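Following: one structure in structure tokens, then a few remarks.
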Amino acid sequence: MITTISDEDFRKLTNFIKSEYGITLQEKRQLVTSRLSSLLAEDGCSNFSQFVSQLLKERNPQKIEKVLNRLTTNYTFFMRETEHFDFFSKVILPELIRKYQSRKVLSIWSAGCSSGEEPYNLSMYIKDYLGMQASQWDTRILATDISQKALANAKKGVYELPDTLPPAWRKKYFRQVEGNRYAVSPEIRDNVIFQTFNLMNPIKFRLKFDVIFCRNVMIYFDQPTKDALVRRFYDATNPGGYLMISHSENLSKDAPYVTVAPSTFQKK
């Protein structure tokens, strides 16, 4: 049963989500009410007014995460937008390996990693490229998401594998659990560091990044929020480093990065 929400409660709820998490929902009233209605009973609320009031007063992280999970889609898969992986493996990786041959450290961030396929996918490309040299390099990928639920699934590393995954990788980097469900091998799992992070927060990680993947995340943000995030990404990128976004997204004309390939940008 879908419960109605008053203009005032809708405004309070969407303003809170926008200010804290960057997600713009002001034009999506029907989506908000339809996806959150079932949460009212779970939380013992008889109407949206009570639900919104409790949510904003308590600011319970678990409750907020439930709301965000209902309103956004944690959907991804292996080999998604393969053009990015082709550019990464054929252009970026060779460049970085030459650049860091002496210190042998790569700094890569999967921002909004969802259930983990993207950072694990990147690890496979890196391990394949480095081959026998892989053990000499620190290629650990930082993978962040706002959703604890998504990160918990990512850490498990168990998936149904698509036909698009190279058969050699299925054999090399996975072990069968049951049916079509496979677990990521320890060498791939150990190459990813999962961490909770809200992209609206200042980016203050220990290292700047050579590559930032942030795909299918900014679709939830309005243009000013996107622009501000891109500037933070730029400041967190090493000179010569890259930002990759989804093919369905775009940067403003005055974005600080230079376009080098479709949905691929470089800090010159």
Side-chain angles (χ1 to χ4, degrees), residues 65 68-69 72-90 92-94 96-97 100 104-197 199 205-207 209-217 242-246:
E65 182 171 347
L68 296 179
N69 284 338
T72 58
T73 306
N74 286 311
Y75 172 71
T76 187
F77 49 90
F78 286 107
M79 311 303 289
R80 188 177 193 178
E81 298 186 341
T82 53
E83 299 89 344
H84 284 146
F85 292 122
D86 287 342
F87 191 85
F88 176 75
S89 60
K90 294 173 182 175
I92 298 177
L93 258 182
L96 294 179
I97 298 305
Y100 297 122
K104 291 181 166 51
V105 177
L106 301 183
S107 183
I108 299 170
W109 179 15
S110 172
C113 67
S114 187
S115 46
E117 286 93 331
E118 179 179 89
Y120 287 142
N121 227 161
L122 289 169
S123 293
M124 293 170 206
Y125 277 98
I126 293 169
K127 296 294 184 186
D128 254 28
Y129 184 85
L130 287 173
M132 299 295 287
Q133 295 183 51
S135 60
Q136 301 169 26
W137 284 74
D138 180 356
T139 62
R140 286 173 298 174
I141 295 167
L142 174 66
T144 67
D145 202 277
I146 200 169
S147 170
Q148 295 275 6
K149 182 180 178 181
L151 289 174
N153 288 329
K155 288 175 184 176
K156 289 176 186 173
V158 177
Y159 305 96
E160 289 188 10
L161 302 183
D163 294 335
T164 50
L165 192 80
W169 281 9
R170 184 185 295 249
K171 185 176 179 181
K172 187 176 181 181
Y173 296 129
F174 294 88
R175 61 176 178 80
Q176 191 170 14
V177 178
E178 59 177 347
N180 193 37
R181 292 181 66 75
Y182 290 77
V184 176
S185 68
E187 69 168 322
I188 297 299
R189 183 185 287 110
D190 294 346
N191 199 56
V192 180
I193 300 167
F194 290 106
Q195 187 174 324
T196 309
F197 185 72
L199 288 172
F205 296 113
R206 185 172 60 87
L207 297 175
F209 297 96
D210 301 306
V211 191
I212 299 174
F213 277 78
C214 185
R215 304 188 300 169
N216 299 290
V217 174
Y242 296 86
L243 169 68
M244 289 188 167
I245 64 174
S246 164

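Quantities reported herein were computed from a predicted structural model and do not represent experimental measurements.
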| request: Take Ile146 and Thr72 through the test side chain to side chain contact (heavy atoms under 4.5 Å, CB included) and record every step on the way to the result. | output: CA-CA 11 Å; Ile146 200 169; Thr72 58; over 6 Å; no
| request: Give the intermediate values and the outcome of side chain to side chain contact (heavy atoms under 4.5 Å, CB included) for residues Phe87 and Ile92. | output: CA-CA 7 Å; Phe87 191 85; Ile92 298 177; 3.7 Å; yes
| request: In sequence, state the C-alpha distance, the side-chain angles, and the governing distance for Arg80 and Asn216, and then conclude on side chain to side chain contact (heavy atoms under 4.5 Å, CB included). | output: CA-CA 11 Å; Arg80 188 177 193 178; Asn216 299 290; 3.4 Å; yes
| message | Please determine whether salt bridge (Lys or Arg N to Asp or Glu O under 4.0 Å) holds for the pair Asp128 and Lys172, giving the CA-CA distance in whole Å, both sets of side-chain angles, and the decisive distance to 0.1 Å. | response | CA-CA 10 Å; Asp128 254 28; Lys172 187 176 181 181; 3.2 Å; yes
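In this structure, Asp210 contributes its side chain and Ile108 its backbone to no donor-acceptor pair below 3.5 Å. Side chain of His84 to backbone of Ser246: no donor-acceptor contact under 3.5 angstrom is found. Between the side chain of Asp138 and the backbone N or O of Leu106 there is no donor-acceptor pair closer than 3.5 Å. Between the side chain of Ser89 and the main chain of Asp86, a donor-acceptor pair closer than 3.5 Å is present. Under a 3.5 Å cut-off, the side chain of Gln176 and the backbone N or O of Gly179 do form a donor-acceptor pair. Between the Arg140 side chain and the Ser107 main chain, no donor and acceptor come within less than 3.5 Å of each other. Without hydrogens or angle criteria, Gln148 side chain to Thr196 main chain gives no donor-acceptor distance under 3.5 Å.
Within a 6.0 Å radius of CG in Asp163, no more than 12 heavy atoms belonging to other residues, nucleotides or ligands are found. Counting heavy atoms of neighbouring residues, nucleotides and ligands inside a 6.0 Å radius, atom NZ of Lys90 does not exceed 12 of them.
A 4.5 Å side-chain heavy-atom check between Asn191 and Thr139 finds at least one atom pair inside the cut-off. Ile126 has its side chain within reach of Phe88: a pair of non-hydrogen atoms, C-beta onward, lies under 4.5 Å apart. With a 4.5 Å cut-off on side-chain heavy atoms, Ser114 and Leu151 do not count as touching. At a threshold of 4.5 Å between non-hydrogen side-chain atoms, the residues Leu130 and Ile97 count as touching. Inter-residue side-chain proximity for Phe209 and Leu142 is flagged as met; some heavy-atom pair is nearer than 4.5 Å. Residues Val192 and Ser123 are in side-chain contact: their nearest non-hydrogen atoms beyond the backbone lie under 4.5 Å apart. Under the 4.5 Å side-chain criterion, counting only non-hydrogen atoms from C-beta, Ile212 is not in contact with Tyr242. Taking 4.5 Å as the limit, some side-chain heavy atom of Trp169 sits within range of a side-chain heavy atom of Asn121.
Shown here for Arg189 and Gly157, the closest heavy-atom pair between the two residues is NH2-O, 4.2 Å. Scanning both residues, Asn69 and Ser147, for their nearest heavy atoms gives OD1-OG, 3.1 Å. Listed here is the closest heavy atom pair of Ala150 and Asp145: CB-OD1, 4.3 Å. Looking at every heavy atom in both residues, Leu199 comes nearest to Ala111 through CD2-CB, 4.1 Å. The minimum heavy-atom distance between Leu243 and Cys214, with the atom names listed, is CD1-CB, 4.5 Å. When all heavy atoms are compared, the tightest approach of Lys127 to Glu187 is CE-O, 3.9 Å.
In this structure, OG1 in Thr144 is found 12.5 Å from CD1 in Ile141, a value given to the nearest 0.5 Å.
When each of Glu160, Met124, Glu118 is tested with Phe78 by the rule side chain to side chain contact (heavy atoms under 4.5 Å, CB included), just one qualifies, namely Met124.
Between Phe194 and Tyr120, a ring centre-to-centre spacing shorter than 6.0 Å is recorded. Taking the six-membered ring for Trp, Trp109 and Phe205 have ring centres closer than 6.0 Å.
Under a cutoff of 6.0 Å and an axis angle of 45°, Arg170 and Tyr182 form a cation-pi pair. Note that Arg215 lies in the cation-pi zone of Phe85, set by a 6.0 Å cut-off to the ring centre and a 45° limit from the axis.
Judged purely by distance below 3.5 Å, without hydrogens or angles, the side chains of Glu117 and Ser115 pair a donor atom with an acceptor atom.
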